[in-house]
Amino acid sequence: MANLRKVKEFIIEKLIFTSGIASIVFVALIFIFLLAEGISVLRYVSLGSFIGGQFWYPISDPPKFGILPLILGSLLVTAGAIAMAVPLGIAAAFYIADVAPVKLRNLLKSCVEILSAIPSVVLGFLGIVILVPFLKHFLHLPTGLTALAGSIMLAFMALPTIISISEDAINAVPREYKEGAIALGATHWQTLTRVIIHGALPGIIAASMLGIGRVFGETMAVMMVTGNAAVIPTGLLQPVRTLTATIAAEMGEAAKGSPHYFALFAIGIVLFVISFLINLTADFLLHRGKNR
Amino acid sequence: MKKIEVEHLNLWYADFHALHDNTMSIREKIITSLIGPSGCGKSTLLRCLNRMNDLIEGVRIEGSVKIDGEDIYQMKSGLTALRKKIGMVFQRPNPFPLSIYENIAFGPKVHHMAKAGELDGIVEESLKAVHLWGELKDKLGKSALGLSLEQKQRLCIARLVAVKSEVLLMDEPCSALDPLATLKIEELMRYLKTDFTIVIVTHNMQQAARVSDETGFMLLGELVEFGRTTDIFTRPKDKRTEDYITGRYG
Ligand SMILES: Nc1ncnc2c1ncn2[C@@H]1O[C@H](COP(=O)(O)OP(=O)(O)OP(=O)(O)O)[C@@H](O)[C@H]1O
Ligand SMILES: [Mg+2]
């Protein structure tokens, strides 16, 4: 009897252990696979001219595998999205958490949830049909398929994450802080900006970083509205191409084992590394916020 | 001198009638305590005096509260000035998640009371007034959240000293503290009453007897009896007061 229980416990313990380890193993496997396939690109091009090369002509003869335009395209679109989504998201979170009357608050929260439920293809579709012509017409551009269009789409996608996580963080700030500030004669605005924000800051930073991560890895909506021209971008009002869109668009046509195929995997590694750096920064900022 | 006059004050939380026709006047620079069983409306009455009940949705108030002769429910503006003048200390000490220095500087800053360079002096004076300066003068940059409960409560009082509050409303300021800390805060109250008008809500009848000059006894939203503390405790006029202070009531 006692023995049976011991065996049972032993099995359960090992099962839990395995599940825990599995995630590590998967990550390792994915990374090894990516690395193994991607590293082969160095047979055709040096690391410096891969990362720093200005031309991405994967199927011309001879091919050129320079991904600098793609990296810059990704960074530009992401930066544009963040510049819009972070301030807007934080302001919206404060409004929902602390200013809006109860009924409006619930309505707004449902809207944010719906926004996060829109598939990115659908958002991209709306982007092509509405946003792109609008930008072209309104800003008198030769084409509306621009980095700006991508940034706006991505801002929409990052907003729900930023709003809902920031809002949780604001709500988690103890009520006593607010009462204390109000009782000292601080205005609502002073209470928000001088007290509540200090309690909520780590959560707000985490929310923003998660939003950035979400935006950087996004593919579909960006591919549909940015025009996908692999040139070094000089401004938001030009077509650009991102790392993600490049992989998604070209993977189907690259022959397995060809230089092009390896180059796409190498782009995957670059994406992986940048995403990893974003997460690392988030972690660092979060801990610094907590230890203060 | 009368500092606060409450006249025929009624308060409803939505449909619940929480204060029944309360009338009392609070004299300047003495300690007034409000006692009574749990849920009788002590905190509610106290929060009427700095209009903190305004924050609660569905509250309705009738009657008047005059401070220095002015009805605080009739004035159209100046709510922040009112709350600066009528400071509040809470049951759970609630310093902000800022440094000790910034906790004290917060009030003077939001009320634009100090020029650059004057803040240091205000912080020092305020901490001295609550006898914290000696302990904390070398740790002003540290987070206030790391202090002991008693220090936190003193810091919260110092925040009010810093904005030159005239009245200190204290809602069970010692109930989170141990007996020794409680005695020390009481001592501080006695010391502060030369400059401040203090109103304290307490569960603890001995505390009311020890520290206060006048006492109000509340029951089920009614202010049953109000008068000199010695009278309330030695010869109460109302049978219900007598039952309560002799321990015959819940
Ligand atoms: N925000 C609120 N909404 C509805 N009812 C409330 C609210 N706050 C207090 N009450 C009710 O009003 C009555 C008086 O509450 P109050 O907190 O003033 O009592 P108290 O004397 O301070 O009690 P305690 O000694 O427990 O602190 C209680 O019956 C309470 O349930
Ligand atoms: Mg109370």
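What's counted below: heavy atoms across the whole structure, side chains too, no hydrogens, waters or symmetry copies. The chains referred to below are lettered A, B, ... by the order of the sequence lines, with proteins before strands, and numbering in each begins at 1.
Counting non-hydrogen atoms of neighbouring residues, nucleotides and ligands closer than 6.0 angstrom, the CZ atom of B:Arg92 reaches no more than 12 such neighbours. Within 6.0 Å of CZ on A:Phe125 lie no more than 12 heavy atoms contributed by other residues, nucleotides or ligands. Taking a 6.0 Å sphere around CZ of A:Phe276, one finds it holds 12 or fewer heavy atoms contributed by other residues, nucleotides or ligands. Remark: A:Met220 CE is loosely packed, at most 12 non-hydrogen atoms of other residues, nucleotides or ligands lying under 6.0 Å away. With a 6.0 Å radius and a threshold of 12 heavy atoms from other residues, nucleotides or ligands, A:Phe156 has its CZ atom at or below the threshold.
Contact annotation for residues 176-191 of chain A against chain B (heavy-atom separation below 4.5 Å, listed by residue number): A:Glu176, A:Tyr177, A:Glu179, A:Gly180, A:Ala181, A:Ile182, A:Ala183, A:Leu184, A:Gly185, A:Ala186, A:Thr187, A:Gln190. Contact annotation for residues 144-152 of chain B against chain A (heavy-atom separation below 4.5 Å, listed by residue number): B:Leu145.
Neither the backbone nor the side chain of B:Leu169 comes within contact range of chain A; no heavy atom of the residue lies under 4.5 Å from a heavy atom of that chain. Interface residue B:Lys109: backbone and side-chain heavy atoms are both found under 4.5 Å from chain A. Of the atoms belonging to B:Pro93, not a single heavy atom falls under 4.5 Å from chain A.
At least one donor-acceptor pair under 3.5 Å links the side chain of B:Asn103 to the backbone N or O of B:Ser99. B:Asp171 places no side-chain N or O within 3.5 Å of a backbone atom of B:Val201 that could act as its donor or acceptor partner. For B:Thr197 (side chain) and B:Lys29 (main-chain N/O), a donor-acceptor pair under 3.5 Å exists by modelled atom type.
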Practice problem: Could you walk me through whether B:Thr202 and B:Gln207 pass the side chain to side chain donor-acceptor pair (under 3.5 Å) test, one step at a time? | Solution: CA-CA 7 Å; B:Thr202 173; B:Gln207 181 169 52; 2.8 Å; yes
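Chain A forms more heavy-atom pairs under 4.5 Å with one residue of B:Met88, B:Met52, B:Lys84, B:Lys85 than with any other, namely B:Met52.
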Please set out all donor-acceptor pairs under 3.5 angstrom arising from side-chain atoms of residues 102-109 of chain A, sequence neighbours excluded.
residue  : atom : partner  : partner atom : Å
A:Arg105 : NE   : A:Ile96  : O            : 3.0
A:Arg105 : NH2  : A:Ala100 : O            : 3.0
A:Lys109 : NZ   : A:Glu167 : OE2          : 3.3

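Pairs of residues two or more places apart, or lying in two chains, that qualify as side-chain hydrogen bond (donor to acceptor under 3.5 Å, both in side chains) and include a residue from residues 53-63 of chain B are B:Arg47-B:Asn53, B:Arg51-B:Asp54, B:Arg60-B:Glu62.
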